[in-house]
Amino acid sequence: MAAVSPNRSRDHNIAAEDLDGHALDVIQKLNDAGFDAYLVGGCVRDALCGVTPKDFDVATNAKPEEVRALFRRSRLVGRRFPIAHVRYGRNLIEVSTFRQAKHDHIETNAQGLIVKDRAFGDMADDAFRRDFSVNALYFDVNSNEIIDYVGGIEDVAAKRLRFIGDPQERLAEDPVRLLRAMRFAAKLDFTIDPQILNHIEDTAERLEEIPKARLFDEFLKLFLTGHAAPVWLSLKDTPLIRSLFPSCNPDSDLVLDAMRNTDERIAEDMPVTPGFLLAVLLWDDFQARQREQNPDNTPGRAYELAMDTFAIQQQHISLPRRFTLFAREVWQLQTRLEARQPRHINRVVSHKRFRAAFDFLVLRGAHNNKLRNCGEWWQTFQDADQAERKKMIDSIPKGGGKRRRRSRGGKNNNQASANELRSDYNSGFNK
Ligand code: ATP
Ligand code: MG
């Protein structure tokens with residue numbers, strides 16, 4: 001590989017002010033210590049496309065330990081291949097050492113999946129082991145040149161995602177690359193090489209071999225980086241969605257609306273959480289279980305059924321507990337929000353998940369008049385002052401906005417609510 005001579009181009013639209021000062025600082029320090037260092041990957045690709053890069057990666061011929069020694073606020077991460085994370089406050093620059101492309105040092109398992117990949121190389125080697133041609137462009141900040149070994153400049157211009165090398169082989173090495181393709185295509189409005197799309201079926205199956213924690217990270221990148229709706233639309237009718245979220249209904253309006261809403265929130269710098277998206281993606285499954293196995297909506301049983309929903313999902317993507325807890329609380333509050341029981345209203349409003357649960361109710365209301373009215377009631381309530389709130393509560397018809405179904409034993413209302421509170425407590429509702 002080393003004999004390949006790259007195309008060097010100054011014909012680009014990347015201006016110094018597009019670049020991150022901390023990344024430039026890393027490059028400067030590496031240069032001062034006698035190493036080569038370049039911007040690489042997504043930041044070069046995005047800047048060429050006129051999109052503000054979200055993070056900056058640096059590639060260098062310094063070994064990970066050498067990078068570590070140069071930067072006080074750095075640490076080495078990654079088992080398969082160590083890279084240095086250099087921290088500047090909240091900004092993180094990833095510094096990776098040039099590594100070899102397909103090589104004896106790469107260990108693959110029987111299916112061709114890369115399990116270990118530690119051999120270092122030069123820039124040409126490094127370019128060829130990257131996934132897409134548009135992700136293998138280096139920017140030399142000193143000479144102001146883009147360095148291209150793989151036709152990436154041309155592919156950026158043609159808005160085309162093409163693997164370096166044989167698609168089947170590259171996907172066999174790492175099936176997650178297909179999810180990356182879908183994400184980059186949605187984000188940059190690129191077309192995916194049709195040869196890649198031929199392998200969706202087999203690649204979807206092979207995602208099962210990928211560590212579930214890595215798929216959680218990929219889930220975050222797919223749906224929490226500002227392009228959730230186009231990503232969702234491109235995934236939902238493919239077998240990939242079955243591999244990621246097997247119990248999710250791909251045609252759910254709620255999911256698509258929530259994805260759009262998430263993108264809007266990110267565009268407006270509002271907070272987003274994976275817990276909310278989990279609540280959305282798994283809602284239909286949880287609801288179906290409730291209908292079949294808990295028609296009386298007993299809180300304790302609802303808790304168990306929520307855990308069943310998560311257990312199925314965990315077989316595909318690992319879900320940190322704080323996010324399943326979040327989703328469950330949002331679900332539990334739906335009943336409360338719909339019921340509008342006067343004596344519960346103030347407690348519901350001060351619940352720490354009230355805001356998320358209210359947003360969830362509003363999303364559900366987009367295609368359901370009754371729920372929309374309920375959402376509007378809660379909106380008005382939040383906007384109201386103390387006196388108006390009291391009036392609103394007093395004018396709720398007896399039995400609440402929605403009459404709760406009586407539980408089977410024919411208990412009177414007071415008993416039912418005492419039991420309900422107890423189960424709520426046991427299920428963590430008030431914790
Ligand atoms: P973004 O940061 O916008 O998600 P990115 O392309 O920078 O996009 P990263 O995950 O930050 O993606 O990876 C940085 C670079 O490392 C990529 O551009 C690519 O060159 C290389 N890379 C990342 N993941 C893989 C992979 N699975 N296979 C091959 N190369 C990869
Ligand atoms: Mg990146």
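When a ligand or atom number is given, it counts from 1 through the structure's own listing order.
- Ranking the protein heavy atoms by distance from atom 1 (P) of ligand 1 puts Lys54 NZ, 3.8 Å first.
- Residue-ligand proximity: Glu173 is placed with every non-hydrogen atom at 4.0 Å or more from ligand 1.
- Within ligand 1, counting atoms from 1 as listed, the ones closer than 4.0 Å to a heavy atom of Lys221 are 10 (O).
- Proximity of a side-chain donor or acceptor of Ser243 to a complementary backbone N or O of Ala204 within less than 3.5 Å is detected.
- A cation-pi arrangement is not found for Arg160 relative to Phe190, the charged atom failing to lie both closer than 6.0 Å to the ring centre and inside a 45° cone about the ring normal.
- Under the 3.5 Å distance criterion, the side-chain polar atoms of Gln379 are left unmatched by any main-chain donor or acceptor of Glu376.
- Between Phe81 and Phe120, the distance separating the two ring centers is shorter than 6.0 angstrom.
- When the shell of 6.0 Å around CD of Glu154 is examined, it contains 12 or fewer heavy atoms from other residues, nucleotides or ligands.
- With hydrogens and angles disregarded, no donor-acceptor distance shorter than 3.5 Å links the side chain of Arg75 to the backbone of Val86.
- The nearest protein atom to atom 9 (P) of ligand 1, hydrogens excluded, is given as Arg180 NH1, 3.9 Å; this is a heavy-atom distance.
- For ligand 1, the polar-atom distance check against Asp131 finds a nitrogen or oxygen pair separated by under 3.5 Å.
- Proximity of His227 to ligand 1, defined as any heavy-atom pair under 4.0 Å, is not found for any part of the residue.
- Using a non-hydrogen distance threshold of 4.0 Å, Val176 does not register as a contact of ligand 1.
- Residue Lys187 approaches ligand 1 through these ligand atoms, each under 4.0 Å from one of its heavy atoms: 3 (O).
- For the pair OD1 of Asp55 and OD2 of Asp57, the angle at the Mg ion (ligand 2) is about 100°; rounding is to 10 degrees.
- Using modelled atom types, one side-chain atom of Gln334 and one backbone atom of Val330 make a donor-acceptor pair closer than 3.5 Å.
- Scanning the protein heavy atoms around atom 11 (O) of ligand 1, the nearest turns out to be Asp57 OD2, 3.3 Å.
- Contact atoms of ligand 1 toward Gly41: 18 (O) (distance under 4.0 Å to a heavy atom of the residue).
- Leu92 is not listed as a side-chain neighbour of Phe56, based on a closest heavy-atom distance of 4.5 Å or more.
- Considering only heavy atoms from C-beta on, Asn144 comes within 4.5 Å of His12 through its side chain.
- An N or O contact shorter than 3.5 Å links Gly42 to ligand 1 by distance.
- Within the 3.5 Å criterion, the main-chain N or O of Ser143 finds no donor-acceptor partner in the side chain of Arg8.
- Among protein heavy atoms, the minimum distance from atom 4 (O) of ligand 1 is reached at Arg183 NH1, 2.7 Å.
- By the criterion of a heavy-atom distance under 4.0 Å, neither the backbone nor the side chain of Thr225 is placed next to ligand 1.
- Arg45 NH2, 3.2 Å is the protein heavy atom nearest to atom 3 (O) of ligand 1.
- Here Asn135 has heavy atoms under 4.0 Å from ligand 1 in both its backbone and its side chain.
- Look at Glu173 and Arg170 and you find a salt bridge, because one of the NZ, NE, NH1 or NH2 atoms lies within 4.0 Å of a carboxylate O, short of that distance.
- Under 4.0 Å from ligand 1, the heavy atoms of Phe184 that appear belong solely to its side chain.
- Between Arg170 and ligand 1, not a single N/O pair is under 3.5 Å apart.
- Interface of Asp55 with ligand 1, defined as ligand atoms under 4.0 Å from a residue heavy atom, comprises 2 (O).
- Between Phe216 and Phe323, the ring planes lie parallel to each other; the angle is under 30°, not in the 30° to 60° tilted range.
- The residue Glu94 has no part lying near ligand 1, judged by heavy-atom distances below 4.0 Å.
- Using a 4.0 Å cut-off to heavy atoms of Arg214, the atoms of ligand 1 that qualify are 27 (N).
- Look at Glu218 and you'll find every heavy atom at least 4.0 Å from all atoms of ligand 1.
- Arg180 and Glu218 are not joined by a salt bridge, as no carboxylate oxygen comes within less than 4.0 angstrom of a charged side-chain nitrogen.
- The protein atom (non-hydrogen) at minimum distance from atom 15 (C) of ligand 1 is Arg130 NH1, 3.5 Å.
- Every atom of ligand 1 is numbered from 1 in the order shown, and the set under 4.0 Å from a heavy atom of Arg129 is 29 (C).
- Of the listed residues (Ile83, Leu222, Asp174), the one carrying the non-hydrogen atom nearest atom 27 (N) of ligand 1 is Asp174.
- Here the side chains of Arg87 and Phe71 are not in contact, with every heavy-atom distance at 4.5 Å or above.
- If you check which protein heavy atom lies closest to atom 28 (N) of ligand 1, you get Arg177 NE, 2.8 Å.
- A 4.5 Å side-chain heavy-atom check between Asp125 and Arg99 finds every atom pair outside the cut-off.
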